[in-house]
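Structure first, commentary second.
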Amino acid sequence: MRRPIRLLAFVSMLSIFTCAAFASAPKPKKKPSKTIPSHAVKGTAQMAGDNARIGETYTLGRGNSAINFTLIGAEYSPYHIVQPTDAYMPRKDEKYLMLRFTLQNPNHTESNVNWSALKFTAVDSKDENHEFTGNGSLYFVREGLHELFDASLKPGQKVVFQSAILLPFDAVVPKLIVKRTDDAPVLRILFSKGDIKPVPAPFADPKDPSGS
């Protein structure tokens, strides 16, 4: 009967020493938490919209302002642009990004289309923006006609248009942003290699693999 009493006493003493050791051990210091500002920083968020591809149809705008847009072609061009009363010639350090696209009225009522129908922004490889705002400095015409388009599209009617954005001569454009209205999402068309037709000879630089 003595052996269990001694074992019990030993266990009790061991428990006391263990508790004392934990009590005397210093508590680890908590690392100060990083404070995260609760306010949102303006100007850092990407514009709401969808990534798009050449040749696919997307609806831009909302409600009665909605219009179906399809980019069907793009090319770099050193040539001049002719309008009924004006002609535009790029300088030797400039070129155009020519755009061919269709617009179709998806609404049940007629929809007017003119130079203010779309806003194009070409984003070059240096992350610089080059805009076409439809202010008459460059054209927005029905394909095959050298005149500005300002007319109503009937429900379901589709028309092929051409437009252009003035660029520096060495600009490479990997992305085109298309906007219908300020309150609607935009389209970001991401160009792959070969999507944009290169500068034609004899203006092209044969040493430039991008063709731009």
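Aromatic pair Tyr96/Tyr79: ring centres not closer than 6.0 Å.
Residues Val123 and Ile177 meet the side-chain proximity criterion, which asks for heavy atoms closer than 4.5 Å. Taking the side chain as every heavy atom from C-beta outward, Val178 and Phe69 approach each other to under 4.5 Å. You'll find the side chain of Met98 reaches within 4.5 Å of the side chain of Ser77, heavy atoms only.
Judged purely by atom type and a 3.5 angstrom limit, Asn105 has no side-chain atom pairing as donor or acceptor with the backbone of Gly156. A donor-acceptor pair is defined here as one N or O able to donate and one able to accept, closer than 3.5 Å; no such pair exists between the side chain of Lys92 and the backbone of Phe169. At distances below 3.5 Å, not a single donor-acceptor pair connects side-chain atoms of Asn64 with backbone N or O atoms of Ser111. The closest donor-acceptor contact from the side chain of Tyr58 to the backbone of Arg53 lies under 3.5 Å. Looking only at distances, no side-chain donor or acceptor of Glu110 sits under 3.5 Å from a matching main-chain atom of Ser152. A donor-acceptor contact shorter than 3.5 Å is absent between the side chain of Asp208 and the backbone of Asp205.
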* Give the intermediate values and the outcome of side-chain contact (heavy atoms from CB on, under 4.5 Å) for residues Leu103 and Asn68. => CA-CA 6 Å; Leu103 293 179; Asn68 289 348; over 6 Å; no
* CA sep, side-chain torsions, deciding dist, call: Gln157, Gln104, side-chain contact (heavy atoms from CB on, under 4.5 Å) -> CA-CA 5 Å; Gln157 184 180 3; Gln104 183 178 29; over 6 Å; no
* Stepwise, does the side-chain contact (heavy atoms from CB on, under 4.5 Å) test hold for Thr102 with Val159? -> CA-CA 5 Å; Thr102 64; Val159 175; over 6 Å; no
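Atom CG of Leu176 is separated from atom CG of Asp195 by 11.5 Å, given to the nearest 0.5 angstrom. In this structure, CZ on Arg100 lies 6.5 Å from CD on Gln162, to the nearest 0.5 angstrom. Atom-to-atom distance recorded for Leu187:CG and Leu71:CG is 10.0 Å, nearest 0.5 angstrom. Atom CD1 of Ile165 sits about 5.5 Å away from atom CG of Leu97, to the nearest 0.5 Å. From Leu60, atom CG reaches atom CZ of Arg180 across 8.0 Å, with rounding to the nearest 0.5 Å. One finds the CD1 atom of Ile67 at 11.5 Å from the OG1 atom of Thr181 (value rounded to the nearest 0.5 Å).
For Ala151 against Asn112, the heavy-atom pair with the smallest separation is O-ND2, 3.3 Å. Nearest heavy atoms, Pro78 versus Phe203: CG-CD1, 3.4 Å. Scanning both residues, His130 and Asp124, for their nearest heavy atoms gives NE2-OD2, 2.9 Å. The shortest non-hydrogen separation linking Glu56 to Thr70 is O-CG2, 3.6 Å. Counting all heavy atoms, side chain and backbone alike, Pro174 lies closest to Ser125 at CD-N, 3.7 Å. Across Asp170 and Lys126, no two heavy atoms sit closer than the pair OD2-NZ, 3.8 Å.
Cluster partners of Ile72, by chain and number: Val160. The rule joins Ile, Leu, Val, Met, Phe, Trp and Tyr whenever side-chain heavy atoms lie under 4.5 Å apart.
Atom CG of Asp93 sits in a crowded spot, with more than 12 heavy atoms from other residues, nucleotides or ligands closer than 6.0 Å.
Judged purely by distance below 3.5 Å, without hydrogens or angles, the side chains of Thr121 and Asn129 never pair a donor atom with an acceptor atom.
Ring-plane geometry between Phe161 and Phe101 is classed as parallel, the angle between the planes falling under 30 degrees on a 0 to 90 degree scale with a further cut at 60.
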